There are 2 protein chains.
Amino acid sequence: MSNHPRNVISPGRGQNLTYSIVQDLGIAVVTGKYSGKNPFPVEADLCKQYGASRSILREAVKMLTAKGLLGARPRQGTWVQPEESWNLFDPDVMRWLLERKFSLSLLIEFTQIRLAVEPAAAAMAAMEAGPGEKAAIERALNRMIAAEHGEDDPLTSDIAFHISILRASGNRFYAQLRELIETALRFSIRTTNRVKGVRLASVNDHKKVSDAILKGDAAGAEAAMRDLIEEALHLIRKGEGIDAKGERVLLAPARASRR
Amino acid sequence: MSNHPRNVISPGRGQNLTYSIVQDLGIAVVTGKYSGKNPFPVEADLCKQYGASRSILREAVKMLTAKGLLGARPRQGTWVQPEESWNLFDPDVMRWLLERKFSLSLLIEFTQIRLAVEPAAAAMAAMEAGPGEKAAIERALNRMIAAEHGEDDPLTSDIAFHISILRASGNRFYAQLRELIETALRFSIRTTNRVKGVRLASVNDHKKVSDAILKGDAAGAEAAMRDLIEEALHLIRKGEGIDAKGERVLLAPARASRR
DNA sequence: CTGTTGGATTTATATGATAAATATCTTTAC
DNA sequence: GTAAAGATATTTATCATATAAATCCAACAG
C-alpha cells in the first residue's frame with residue numbers, strides 16, 4: 001500500500017507562499033525570462049511583483065541560489081547564473097526545465113545518463129540485491145503485468161520497475177536518480193506517445209531484466225537493461241525528426257499558472 | 001583584502017554570515033549531530049547559538065532545505081530529512097560528506113558512478129567532440145605530461161583531464177559532475193596515497209584515452225577510460241581492506257572548525 | 001595618469017510584531 | 001467509556017521597518 005505516485009508534496013515543500021514564489025521564480029529563470037535585456041529585478045521590485053514581504057522574497061531567492069540558479073552581491077544585485085552552474089540533478093530544476101522549457105535535446109541527454117547508469121545498476125543488483133530488494137523487483141514486474149490487463153497504470157508501474165532496480169543496486173547515487181527518472185519518464189512517454197503512438201516497452205523486455213537479476217546474471221541484466229533504454233532513446237530520437245530545425249520543443253504541457 | 005578568519009569563496013557563495021552558517025549547519029547535519037536524541041533546534045535556539053538574527057538563520061535553513069537536508073513545518077519544528085532525500089549531487093552536500101564524514105563506501109559508490117558515466121562520456125567525445133574540445137583534451141594531457149616532470153600539479157592536471165572529456169561529451173549532465181569529480185578525486189587520491197603510497201595513474205594510460213578520442217575511436221576511448229577508472233576503484237577498495245571492520249572512516253581530514 | 005575619497009545603490013543583518021498551521025490536551029456529546 | 005469537537009500552546013510563516021556593509025562610480029587631488 002501507500003504508494004500512489006505522490007504528486008503530493010514531500011514534507012518541506014509545500015503550499016505556502018515562499019514555495020509558490022520559488023516555483024514561479026524558478027520557472028521564470030529556467031525559461032529565460034530574466035536574460036539579456038531583462039535583468040533580474042532588485043529585491044524591492046520582486047516584493048511589489050509578488051505582493052510579498054522582503055523576508056519571503058529573500059528566502060525564495062536564497063533557495064534558488066542554493067540550487068545554482070541565482071547569485072547575489074551587494075550593489076551588484078541579483079543575477080541569473082550561467083546555465084552550466086544550474087544544478088541539473090536537483091529534481092526541482094529538472095522538473096522546471098522539462099515541464100516549462102521542454103527540449104528534446106535535454107531529454108536525450110538525460111536518457112544518455114540513464115543509458116550509462118541503469119545497466120550498471122542492473123548488473124550490481126544482480127550481484128548484490130538482498131531478498132527484500134529482489135521481492136520489490138518482482139512486485140514491480142507484477143504491477144507491469146497487471147497494467148497490461150488494465151489493472152494498473154502502465155506508466156506508474158514502469159517507473160516503479162526502474163526504481164526498484166536502482167534501489168536494489170545498493171548505490172546511493174543511483175537511488176538518487178529516482179525523482180529525476182520519474183520526471184523524465186513521464187515526459188518521454190508522453191512525447192513518444194504523441195509522436196508515433198508508440199506504446200511502452202513490452203512487459204517481456206522488462207521481464208528479461210528482472211529474470212536476469214533474480215538469477216544473479218549480471219551480464220545478462222546489464223545487456224537487457226541496455227536494450228530497454230536504447231529502445232527508449234531511439235523512440236525519443238525518432239520524435240526529434242519531426243521537428244527538423246534543431247532541438248526545439250515538441251510538446252510543452254501548459255498548465256494554468258497561479259496568480 | 002578584507003579577510004578575517006573567513007573560509008573559501010566562490011562567486012555567489014561568500015564570506016558573509018549566512019553562508020558560514022549554511023556551511024556550519026550543513027556539516028553538522030551530514031555528520032549526524034542532529035539525529036536521534038538530539039533533535040534539530042528551534043529557530044530561536046539557533047539564533048542564540050550563532051548569535052545571529054532570525055532572518056539569517058531562516059535563510060540558512062531554507063538553503064539547506066533546498067538541498068534536501070532539512071524540512072520544516074509550523075508547530076512541528078525543523079527536522080533533518082532522511083538521508084535518502086539529501087541531494088548527493090549537490091556539490092556542497094557531497095563536499096561536506098567527504099570532508100567531514102568521509103566513508104570509503106561513499107567514495108566507492110561515487111566511483112561506481114564515474115565508472116558508468118566517464119567511459120560513456122569518452123565514447124561520446126570520440127564521436128562528437130569539436131576541434132576546440134579536442135584541443136582542450138590535448139592541453140589537459142600536456143599538463144599531465146608537464147606534471148610528470150614536476151612542472152605542474154599532478155592532481156590538478158589529472159582532474160583537468162577528466163573534466164575536459166566530460167565537457168567534450170556535449171552532455172550537460174555529464175559536465176555537471178565536474179565539481180563532484182573534482183571533490184572526489186582530491187579525496188580518493190589522498191586516500192590511496194596514504195594507504196599504499198600509490199601514485200596517480202600513469203600518464204600513458206591517460207594518453208590511451210586521449211589518443212582514441214582524437215582519432216574518433218569511440219570503443220577504444222570507452223575501454224581505455226574504463227580501465228583507468230577500474231584501476232582507481234581497485235586502489236580505493238584496497239584501502240578499504242586496511243580497516244577491516246566494515247565501511248568506516250579511513251582518514252578524516254580535520255580542520256579547525258569555526259566557533 | 002593614479003590613487004583616494006565620498007555618494008549612491010543594493011544586498012546583508014537585526015528586531016519586533018502578527019498570522020497561520022498543527023500537535024496535544026480538554027471538554028463535550030452520546 | 002469513547003469519540004468527536006473545541007481550546008490551547010508552540011512553532012514556523014509572514015510582514016514591516018530600520019540599520020549596516022559592500023561596492024560601483026564619479027569626482028577630485030596630486
Side-chain angles (χ1 to χ4, degrees), chain A residues 8-26 29 34 38-81 258-259, chain B residues 1-26 29 34 38-81 258:
Chain A
V8 172
I9 9 282
S10 50
R13 316 172 172 185
Q15 59 297 23
N16 60 20
L17 187 49
T18 306
Y19 285 93
S20 5
I21 294 179
V22 167
Q23 283 276 114
D24 202 79
L25 269 181
V29 167
Y34 300 116
N38 188 22
F40 197 86
V42 299
E43 218 166 83
D45 291 343
L46 281 178
C47 290
K48 277 180 220 158
Q49 181 181 332
Y50 286 100
S53 71
R54 283 190 55 213
S55 324
I56 297 312
L57 262 300
R58 286 190 57 80
E59 286 169 20
V61 164
K62 277 276 155 61
M63 293 189 75
L64 295 177
T65 304
K67 293 173 185 299
L69 298 188
L70 297 178
R73 296 172 86 180
R75 164 78 212 204
Q76 188 169 332
T78 305
W79 62 89
V80 174
Q81 294 274 22
R258 67 167 53 250
R259 156 101 258 332
Chain B
M1 311 262 125
S2 83
N3 348 14
H4 304 306
R6 284 300 142 55
N7 270 354
V8 158
I9 349 41
S10 5
R13 318 167 169 190
Q15 61 292 29
N16 60 23
L17 187 49
T18 306
Y19 285 92
S20 359
I21 294 179
V22 167
Q23 284 277 114
D24 202 79
L25 269 182
V29 167
Y34 300 116
N38 187 22
F40 198 87
V42 299
E43 217 167 81
D45 291 344
L46 281 179
C47 290
K48 276 180 221 157
Q49 180 181 331
Y50 286 101
S53 71
R54 284 182 30 238
S55 326
I56 297 314
L57 262 301
R58 285 189 57 82
E59 286 170 19
V61 164
K62 277 276 155 62
M63 293 190 74
L64 295 176
T65 303
K67 294 174 184 300
L69 298 188
L70 298 178
R73 295 172 83 179
R75 165 76 212 206
Q76 190 169 330
T78 305
W79 63 88
V80 173
Q81 293 274 25
R258 67 170 49 254

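In what follows, every chain begins at residue 1, and chains take the letters A, B, ... in the order their sequences are listed. Nothing here was measured: the structure is a model prediction, and the numbers come from that model.
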Looking only at side-chain N and O atoms, does T78(A) come under 4.0 Å of OP1 or OP2 in dT11(C)? yes
Distance (rounded to the nearest 0.5 Å) between L17(A) CG and S53(A) OG: 7.5 Å
Tell me the interatomic distance from L57(A), atom CG, to dT17(D), atom C1', rounded to whole angstroms. 16 Å
Just how far, in rounded Å, is P of dT11(D) from CG of L70(B)? 17 Å
Going by the rule side chain to side chain donor-acceptor pair (under 3.5 Å), which residues pair with Q76(B) if we only count those two or more places apart in sequence or in a different chain? none
Counting distance alone, no hydrogens or angles: does the base of dA13(D) have a donor or acceptor under 3.5 Å from a partner atom on the side chain of T18(A)? no
Using 0.5 Å steps for rounding, measure from the CG atom of L69(A) to the CD atom of Q81(A). 8.5 Å
Annotated protein contacts, base or backbone, on nucleotides 18-24 of chain C with a non-hydrogen cut-off under 4.0 Å, one of B, S, - each: ---BBBS
Looking at residues at least two apart in the chain, or sitting in another chain, which of them share a side chain to side chain donor-acceptor pair (under 3.5 Å) with R75(A)? none
Which nucleotide, dT12(D), dT11(C), dT13(C), lies nearest any side-chain atom of R58(B)? dT12(D)
Which value, rounded to the nearest 0.5 Å, describes the distance between Q23(B) atom CD and M63(B) atom CE? 10.0 Å
Relative to the 5' end of DNA chain D, which residue comes earlier, A44(B) or S55(B), by the nucleotide with the nearest heavy atom? A44(B)
Separation of dT11(D) atom P from N16(A) atom CG, nearest Å, is 19 Å
Solution key, residues 39-48 of chain A side-chain donor-acceptor pairs under 3.5 Å, sequence neighbours excluded:
from, atom 1, to, atom 2, distance (Å)
E43(A), OE1, R54(A), NE, 2.6
E43(A), OE1, R54(A), NH2, 2.5
E43(A), OE2, R58(A), NH1, 2.7

Check whether any side-chain heavy atom of Y50(B) lies under 4.5 Å from a side-chain heavy atom of I56(B), and answer yes or no. no
Could you state the CD-P distance from E59(A) to dT11(C), rounded to the nearest angstrom? 16 Å
Output the rounded distance in Å from CG (L17(B)) to C1' (dA20(D)). 12 Å
Expressed in angstrom and rounded to an integer, what is the separation of Y50(B) atom OH from dT13(C) atom P? 14 Å
With respect to the side chain of S53(B), which nucleotide from dA14(C), dA12(C), dT14(D) is positioned closest? dA14(C)
Roughly, in whole Å, what's the span from CD1 in I56(A) to C1' in dA17(C)? 15 Å
